[in-house]
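Data block below; observations after.
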Amino acid sequence: MNEKISQFVDRKDQFAEIVTMIQHTRNEVVRLANASLIDLYWKVGRYISDKISVSEWGDGVVKQLADYNEKNSPEVKGFSDKNLWRMKQFYETYKDADEKLSALLRQISWTNNLTIMSRSKSADERLFYLQLCIHNRLSTRQLDRQIDSALYERNVVGTPKLSPVMREIAPQAEQIFRDQYVLEFIGGKDYEHEHENTMKKALIARMKDFVLEFGKDFLFIDEEYRLQVGNSDFRIDLLFYHRELQCLVAFELKMEKFKPEHLGQLNFYLEALDRDVKKPKENPSIGILLCKDKDDAVVEYALSRSLSPTMVAEYQLCLPDKALLQKKLHEIQESLSESEDSNI
């Protein structure tokens with residue numbers, strides 16, 4: 001009997017290996033098929049662009065091409081006149097791109113390419129969302145949400161408020177974290193949570209959206225994570241693990257404006273995590289204080305003497321004013337341009 005059980009366990013391992021091989025091959029086939037499809041759209045777009053640029057084709061010819069394809073190859077979908085014009089725009093948008101950018105285009109779906117192309121205002125913004133799509137494997141719905149939340153503008157305009165220790169032990173944190181987070185999925189323009197506990201419950205109920213906003217390298221561990229120090233119990237609001245940083249990340253929620261004393265509590269939690277929870281191969285734990293509002297000068301003073309890897313960010317419960325963020329971004333770009341001119 002024991003021998004049969006042992007054989008079954010061995011076979012389960014073997015079966016799992018075969019299933020992994022099948023899944024890997026299927027994923028590779030999908031990836032190659034998508035890359036080939038994007039290549040085809042690129043070539044069609046280039047062909048149409050070249051013909052129109054030398055006045056060999058007029059606008060009506062594209063409609064004729066679509067009708068010809070539908071009549072002669074009705075089983076081939078995706079080549080309507082509207083989509084053919086999109087292929088032309090796709091080629092003309094990226095025709096001068098370098099090889100690195102061209103490779104990125106082939107790693108995401110045609111629908112996501114169209115979304116980025118039509119909704120981005122600059123080459124830098126397009127590159128940002130291309131890399132985001134690939135790194136986080138965003139669906140079209142998720143990509144739309146990130147653009148609606150002005151993620152690119154928030155990344156450029158707002159610099160994350162990090163303690164010196166955080167910058168030292170995790171130099172990549174400035175690219176991972178943000179100054180402001182949008183949590184519209186648990187609120188709305190005129191919505192306010194009654195207290196931190198209800199907000200925490202709402203975040204847990206929408207954990208997938210929460211992780212999408214913060215980044216998919218976050219792995220949720222627990223809410224109200226219990227720490228025992230001496231004869232006293234303490235609770236961390238939300239505890240995560242971050243795959244890239246390879247450390248525990250403690251979130252504390254404050255439904256009020258940032259106060260310097262908030263950091264004392266968070267520093268205590270990090271000390272307890274590092275002494276009693278962190279594994280030897282893991283990096284020091286990080287703390288994130290998520291507040292309803294903050295005065296940046298007060299935050300800077302408070303963090304400058306913090307001996308723990310901490311940061312302070314604010315949240316809002318409705319989508320940001322994208323036009324205002326774009327105005328700020330434009331002002332920053334103009335300021336940098338003037339600075340460069342004065343140094344010439």
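Nothing here was measured: the structure is a model prediction, and the numbers come from that model. The residues of the chain are indexed from 1 along the displayed sequence.
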### Message
Under the criterion side chain to side chain contact (heavy atoms under 4.5 Å, CB included), I'd like the reasoning laid out for Leu105 against Asn113: C-alpha separation, chi angles, the key distance, then a yes or no.
### Response
CA-CA 7 Å; Leu105 299 173; Asn113 265 308; 3.5 Å; yes
Check whether any side-chain N or O of [X] sits under 3.5 Å from a backbone N or O of [Y] as a donor-acceptor pair, and report yes or no.
X: Asp81; Y: Val62; value: no
X: Ser163; Y: Thr310; value: yes
X: Glu256; Y: Lys292; value: no
X: Lys95; Y: Thr93; value: no
X: Asn34; Y: Arg106; value: yes
X: Ser49; Y: Gly45; value: no
X: His262; Y: Lys259; value: yes

[X] and [Y]: side-chain donor and acceptor closer than 3.5 Å?
X: Gln64; Y: Tyr68; result: no
X: Gln246; Y: Glu282; result: no
X: Thr140; Y: Asn112; result: yes

Work out which heavy atom in [X] is nearest to a heavy atom in [Y]; give both atom names and the distance.
X: Ala150; Y: Leu325; result: CB-CD1, 3.6 Å
X: Pro164; Y: Leu303; result: CD-O, 3.2 Å
X: Asn283; Y: Lys278; result: O-CD, 3.2 Å
X: Arg235; Y: Glu252; result: O-OE2, 4.0 Å
X: Ser120; Y: Ile116; result: OG-O, 2.8 Å
X: Val312; Y: Leu263; result: CG2-CD2, 4.3 Å

Connected via hydrophobic side-chain network under 4.5 Å: [X] and [Y]:
X: Leu203; Y: Met207; value: yes
X: Phe218; Y: Tyr315; value: yes
X: Leu138; Y: Leu219; value: no
X: Leu253; Y: Phe234; value: no
X: Trp42; Y: Leu40; value: yes

Sorted by chain and residue number, the salt bridge (Lys or Arg N to Asp or Glu O under 4.0 Å) partners of Asp124 (sequence neighbours excluded) come out as none
_Can you list everything that forms a salt bridge (Lys or Arg N to Asp or Glu O under 4.0 Å) with Glu244? Sequence neighbours excluded, please._
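Scan of Glu244 (salt bridge (Lys or Arg N to Asp or Glu O under 4.0 Å), adjacent residues dropped) gives none.
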[atom1]/[X] to [atom2]/[Y] distance, rounded to the nearest 0.5 angstrom?
X: Asn136; Y: Gln142; atom1: CG; atom2: CD; value: 8.5 Å
X: Ile147; Y: Thr115; atom1: CD1; atom2: OG1; value: 6.5 Å
X: Glu300; Y: Asp295; atom1: CD; atom2: CG; value: 10.5 Å
X: Tyr152; Y: Arg154; atom1: OH; atom2: CZ; value: 14.0 Å
X: Glu224; Y: Asp237; atom1: CD; atom2: CG; value: 6.0 Å
X: Leu143; Y: Leu130; atom1: CG; atom2: CG; value: 9.0 Å

If you measure from the Lys or Arg side-chain nitrogens to the Asp or Glu carboxylate oxygens, is any gap between [X] and [Y] under 4.0 Å?
X: Arg275; Y: Glu271; answer: yes
X: Lys327; Y: Asp321; answer: no
X: Asp296; Y: Lys294; answer: yes
X: Asp39; Y: Lys43; answer: no

Between [X] and [Y], does the ring centroid distance fall short of 6.0 Å?
X: Trp110; Y: Phe90; value: yes
X: Tyr181; Y: Phe251; value: no
X: Phe214; Y: Phe240; value: no

Counting C-beta onward and ignoring hydrogens, is there a side-chain heavy-atom pair between [X] and [Y] closer than 4.5 Å?
X: Leu127; Y: Leu104; result: yes
X: Asn267; Y: Leu307; result: no
X: Leu212; Y: Phe185; result: no
X: Lys88; Y: Arg46; result: no
X: Gln146; Y: Leu132; result: yes
X: Glu28; Y: Arg31; result: yes
X: Met311; Y: Leu162; result: yes
X: Ile288; Y: Val249; result: yes

Requested in this report: With Tyr41 as reference, evaluate Phe79, Tyr94, Tyr91, Trp85 under the ring-ring contact (aromatic ring centres under 6.0 Å, His included) test and give the passing residue.
Outcome: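 The residue from Phe79, Tyr94, Tyr91, Trp85 that satisfies ring-ring contact (aromatic ring centres under 6.0 Å, His included) with Tyr41 turns out to be Phe79.
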Original post:
Has Glu17 got more than 12 heavy atoms of other residues, nucleotides or ligands less than 6.0 Å from its CD?
Top reply: no
- request: Please say whether more than 12 non-hydrogen atoms of neighbouring residues, nucleotides or ligands are located less than 6.0 Å from CD in Glu70.
  value: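 Open: at most 12 neighbouring heavy atoms sit under 6.0 Å from CD of Glu70.
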- Kindly indicate whether a cation-pi arrangement holds for Arg119 with Tyr129, taking the cut-offs as under 6.0 Å to the six-membered ring centre and within 45° of the axis. no
Test side chain to side chain contact (heavy atoms under 4.5 Å, CB included) applied to Ile286 and His242, step by step
CA-CA 10 Å; Ile286 286 174; His242 196 278; over 6 Å; no
Worked check of side chain to side chain contact (heavy atoms under 4.5 Å, CB included) between Ile186 and Leu317:
CA-CA 7 Å; Ile186 64 164; Leu317 299 179; 3.9 Å; yes
Candidates Glu314, Glu213, Glu153 - the one meeting salt bridge (charged side-chain N to carboxylate O under 4.0 Å, His left out) with Arg178: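 Single pass found, and it is Glu213.
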(request) Start with the C-alpha gap between Phe220 and Leu238, add the side-chain angles, then the distance that decides, and say whether side chain to side chain contact (heavy atoms under 4.5 Å, CB included) holds. (result) CA-CA 8 Å; Phe220 180 56; Leu238 298 169; 4.0 Å; yes
